[in-house]
Participant: 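Handing you this structure, nothing more for now.
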Amino acid sequence: MNPLSIVILAAGKGSRMKSETAKVLHDISGKPMLYHIIKESKKLSDDITVVVAHQKERVIASMQQYFDDLTFAVQDADNFPGTGGALKNVTVKHEKLLVLNGDMPLITAASLEGFLHNDSDIIMSIFDLKDPSGYGRVVISDSGVERIVEDKDANDIEKQITHVNAGIYAFKKEILETYIPKIDNNNAQKEYYLTDIIALANADKRTISPLLIDEEHFMGVNSKADLANAETIMQERIKNHWMRQGVIMQLPETIYIEEGVSFEGESRLENGVRISGNTQIVTSHIKAHSVIEASRIVNSSVGPLAHIRPQSELNNTHIGNFVEVKKSVLNGVKAGHLSYLGDTVAQEGTNIGAGVITCNYDGKKKYQTLIGKNVFIGSDTQLVAPVEIEDDVLIAAGTTVSCTKVEKGSLAIDRTPIKKVENFFYKFFGTK
Ligand code: UD1
Ligand code: CA
């Protein structure tokens with residue numbers, strides 16, 4: 001691995017998000033923004049420090065679910081607010097460090113290449129924007145990059161500059177140690193700006209290289225509108241990846257697939273499908289507007305308009321419209337219409353009729369329904385769990401199965417004889 005340390009700034013409040021949740025914990029494609037940045041950083045470095053302050057317990061706990069070898073540095077944000085303050089408590093292992101922002105979820109390891117193969121004292125990122133407002137402007141003269149002026153400190157002429165600071169830097173460890181202590185807070189926001197190291201290093205004739213980067217990878221998320229834009233780009237990447245792996249998608253722009261979903265073989269997704277969590281899909285057909293959450297679907301067809309909830313496993317199974325499945329294992333089962341199967345295990349050759357419901361919850365606890373092979377469950381049956389239906393059972397339509405077991409080979413039928421009252425209609429409504 002490259003001898004590179006990476007520091008990710010994630011201590012800011014992100015007030016422009018107008019949210020109770022720290023900015024870096026907002027989800028993109030099912031994972032917090034910060035997760036995506038760390039995942040890519042790990043491809044480049046074995047020394048990753050995340051700077052935290054605002055909601056630090058939540059940020060740390062969230063990242064520890066996914067990664068086990070991160071360093072967290074706590075910023076003293078009351079006394080040293082700002083991106084420069086964020087680096088005050090940071091020590092790094094390697095001679096070169098890359099500073100990333102926790103609000104840039106679209107960064108990829110490949111897009112950071114330009115920062116790695118350059119030996120300048122500081123490499124700073126620039127992009128050109130038609131509307132540079134809000135960003136730090138990069139003041140460039142004939143001799144190169146001079147300084148960065150923040151939007152709130154810029155005069156009218158500086159505000160016209162369209163080269164903006166993308167907020168990503170690579171520099172030598174010695175630069176960090178020399179200049180971070182020299183940054184002050186004499187500015188409009190009374191903050192310690194990391195951007196001030198450019199002017200300080202420039203005064204000492206250090207080498208500073210500007211690196212032109214593309215907005216698609218380095219856009220910062222500062223508002224919920226930015227969050228939605230970043231989501232669109234992340235979705236395109238995820239879907240393009242899986243289409244290249246052989247997944248067929250109809251109207252892919254209407255499909256949502258989270259980070260963590262995986263496919264094997266050739267599967268087909270119709271329009272409007274949503275697949276989340278760590279779902280695995282193997283050679284299956286997911287029909288229009290179905291929702292699949294954290295489940296495994298193998299050689300099966302699902303939908304249209306079906307809902308497969310977490311911890312389900314479907315093998316060689318057909319699920320039709322308006323069927324909800326939760327925490328169930330279905331092996332070679334057909335459930336074509338309007339059913340709820342929760343906490344259920346069902347085996348080969350079993351047919352679940354329209355409107356069959358597992359009553360898995362008594363208001364306090366959840367219970368299991370076990371269904372054997374070749375069971376035929378008639379329409380509108382309720383299976384009151386816990387219950388076991390053995391192999392080769394027939395359950396008549398409309399039955400409420402309220403016993404705990406139906407033995408192999410039998411019929412279960414629960415019916416009051418039908419009563420017919422002659423001419424009742426005419427007595428009730430009268431004759432015309
Ligand atoms: C910063 C840059 C600006 C650049 C822009 C690009 C400074 C002073 N300005 O501005 O030149 O154009 O990024 O997006 O650096 N953070 C901390 N501690 C803090 C404040 C912020 O860790 O005290 C973190 C935030 O969590 C965030 C990152 O630093 O991940 C950037 O902070 P933000 O407030 O978004 O900076 P900008 O105002 O956008
Ligand atoms: Ca920002």
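This structure is a prediction, so every number in the text was calculated from the model and none was measured. One-based numbering, in listed order, for ligands and for the atoms of each. Worth knowing before you read on, the calculation uses all heavy atoms, side chains too, and leaves out hydrogens, waters and symmetry mates.
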Participant: Any N or O on G12 sitting closer than 3.5 Å to an N or O of ligand 1?
Facilitator: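 The answer is yes, given that G12 and ligand 1 share an N or O pair closer than 3.5 Å.
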
Participant: For T83 and ligand 1, does the shortest N/O to N/O distance drop below 3.5 Å?
Facilitator: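 Yes; at least one N/O pair falls below 3.5 Å.
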
Participant: A11 to ligand 1: N or O pair under 3.5 Å?
Facilitator: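 Yes, there is a polar N/O contact under 3.5 Å.
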
Participant: Atoms of ligand 1 less than 4.0 Å from Y135 heavy atoms?
Facilitator: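 Matching atoms, with element in brackets: 6 (C), 12 (O), 14 (O).
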
Participant: Does ligand 1 have an atom under 4.0 Å from some heavy atom of A166?
Facilitator: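 It does; at least one heavy atom falls under 4.0 Å.
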
Participant: Could you tell me whether the side chains of H94 and D46 share a donor-acceptor contact shorter than 3.5 Å?
Facilitator: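 Their side chains do contain a donor-acceptor pair, which is all the 3.5 Å distance test asks for.
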
Participant: Does a side-chain N-to-carboxylate-O contact under 4.0 Å join K172 and D121?
Facilitator: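 D121 and K172: salt-bridged.
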
Participant: Heavy-atom contact under 4.0 Å between R16 and ligand 1?
Facilitator: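 Yes, R16 has a heavy atom closer than 4.0 Å to ligand 1.
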
Participant: Side chain of Q75, backbone of F80: donor and acceptor closer than 3.5 Å?
Facilitator: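 Side chain of Q75 to backbone of F80: a pair is present.
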
Participant: G220: heavy atom below 4.0 Å from ligand 1, yes or no?
Facilitator: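 Contact check G220 vs ligand 1: negative.
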
Participant: Check for me whether V51 has a heavy atom closer than 4.0 Å to any atom of ligand 1.
Facilitator: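 Not so, V51 does not reach ligand 1.
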
Participant: N165 to ligand 1: N or O pair under 3.5 Å?
Facilitator: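 Right, the criterion is met.
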
Participant: Above 12 or not: heavy atoms from other molecules or residues under 6.0 Å from NZ of K373?
Facilitator: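 Atom NZ in K373 is not crowded, with 12 or fewer foreign heavy atoms closer than 6.0 Å.
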
Participant: Please check: side-chain N/O of T399 versus main-chain N/O of V401, any donor-acceptor pairing under 3.5 Å?
Facilitator: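 No, T399 side chain to V401 backbone: no donor-acceptor pair under 3.5 Å.
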
Participant: Any nitrogen or oxygen of Q75 lying under 3.5 Å from a nitrogen or oxygen in ligand 1? Just yes or no.
Facilitator: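 Yes, since at least one N or O of Q75 sits under 3.5 Å from an N or O of ligand 1.
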
Participant: Could you tell me, atom by atom, which parts of ligand 1 come under 4.0 Å of a heavy atom of G136?
Facilitator: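 Answer for ligand 1: 3 (C), 4 (C), 11 (O), 12 (O).
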
Participant: Keeping to residues at least two apart or across chains, list the ring pair (Phe, Tyr, Trp, His ring centres under 6.0 Å) pairs with something in residues 130-168.
Facilitator: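 Every pair satisfying ring pair (Phe, Tyr, Trp, His ring centres under 6.0 Å) with a residue in residues 130-168: F127-Y135.
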
Participant: In terms of atom number and element, which parts of ligand 1 are under 4.0 angstrom from non-hydrogen atoms of G102?
Facilitator: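 With G102 as reference, the close atoms of ligand 1 come out as 30 (O).
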
Participant: Could you check whether any heavy atom of R137 sits closer than 4.0 Å to an atom of ligand 1, since that is the contact criterion I want to use?
Facilitator: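 Outside the 4.0 Å threshold, so no.
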
Participant: Do K23 and D103 sit within salt-bridge range, that is, some charged N less than 4.0 Å from a carboxylate O?
Facilitator: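 Counted as a salt bridge, because a side-chain N and a carboxylate O are separated by less than 4.0 Å.
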
Participant: Y169 to ligand 1: N or O pair under 3.5 Å?
Facilitator: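 No, no N or O pair falls under 3.5 Å.
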
Participant: Distance under 4.0 Å to a non-hydrogen atom of N222: what atoms of ligand 1 satisfy this?
Facilitator: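 So the atoms of ligand 1 that pass are 35 (O).
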
Participant: Between the side chains of E113 and H117, is a donor N or O closer than 3.5 angstrom to an acceptor N or O?
Facilitator: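 A pair is found: one side chain offers a donor N or O, the other an acceptor, under 3.5 Å apart.
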
Participant: A10 near ligand 1, heavy-atom distance under 4.0 Å?
Facilitator: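 Judged by the 4.0 Å heavy-atom criterion, A10 does count as contacting ligand 1.
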
Participant: Is it the case that ligand 1 has an N or O less than 3.5 angstrom from some N or O of L9?
Facilitator: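 The answer is yes, given that L9 and ligand 1 share an N or O pair closer than 3.5 Å.
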
Participant: Taking only heavy atoms of K23 into account, list the atoms of ligand 1 that are under 4.0 Å away from them.
Facilitator: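 Close to K23: 35 (O).
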
Participant: D103 near ligand 1, heavy-atom distance under 4.0 Å?
Facilitator: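 Checking ligand 1 against D103, which is what was asked, there is a heavy-atom contact under 4.0 Å.
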
Participant: Below 3.5 Å, N or O to N or O, backbone or side chain included: is there any such pair between V24 and ligand 1?
Facilitator: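 For ligand 1, there is no N or O atom that lies under 3.5 Å from one belonging to V24.
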
Participant: With a 3.5 Å cut-off and sequence neighbours excluded, list the donor-acceptor pairs that the side chains of residues 27-34 form with protein atoms.
Facilitator:
{"from": "S29", "atom 1": "OG", "to": "E231", "atom 2": "OE1", "distance (Å)": "2.6"}
{"from": "S29", "atom 1": "OG", "to": "Q235", "atom 2": "NE2", "distance (Å)": "2.9"}
{"from": "K31", "atom 1": "NZ", "to": "E259", "atom 2": "O", "distance (Å)": "3.3"}

Participant: Would Y361 and Y367 count as a close aromatic pair, with their ring centres under 6.0 Å?
Facilitator: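 No, they do not, as the ring centres are separated by 6.0 Å or more.
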
Participant: Taking distance alone, with N or O pairs closer than 3.5 Å, would you say G82 contacts ligand 1?
Facilitator: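 Between G82 and ligand 1, an N or O pair is found under 3.5 Å apart.
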
Participant: Which of the numbered atoms in ligand 1 are under 4.0 angstrom from any heavy atom belonging to T195?
Facilitator: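 Answer, ordered by atom number: 7 (C), 8 (C), 9 (N), 11 (O), 15 (O).
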
Participant: Return yes if a side-chain donor-acceptor contact under 3.5 Å exists between N360 and D343, otherwise no.
Facilitator: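 N360 vs D343: donor-acceptor pair found between side chains.
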
Participant: State whether the side chain of R268 and the backbone N or O of H285 hold a donor-acceptor pair below 3.5 Å, judged by distance alone.
Facilitator: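 It does not hold such a pair.
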
Participant: Going by atom types only, do N271 and T254 share a side-chain donor-acceptor pair under 3.5 Å?
Facilitator: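 N271 vs T254: no donor-acceptor pair found between side chains.
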
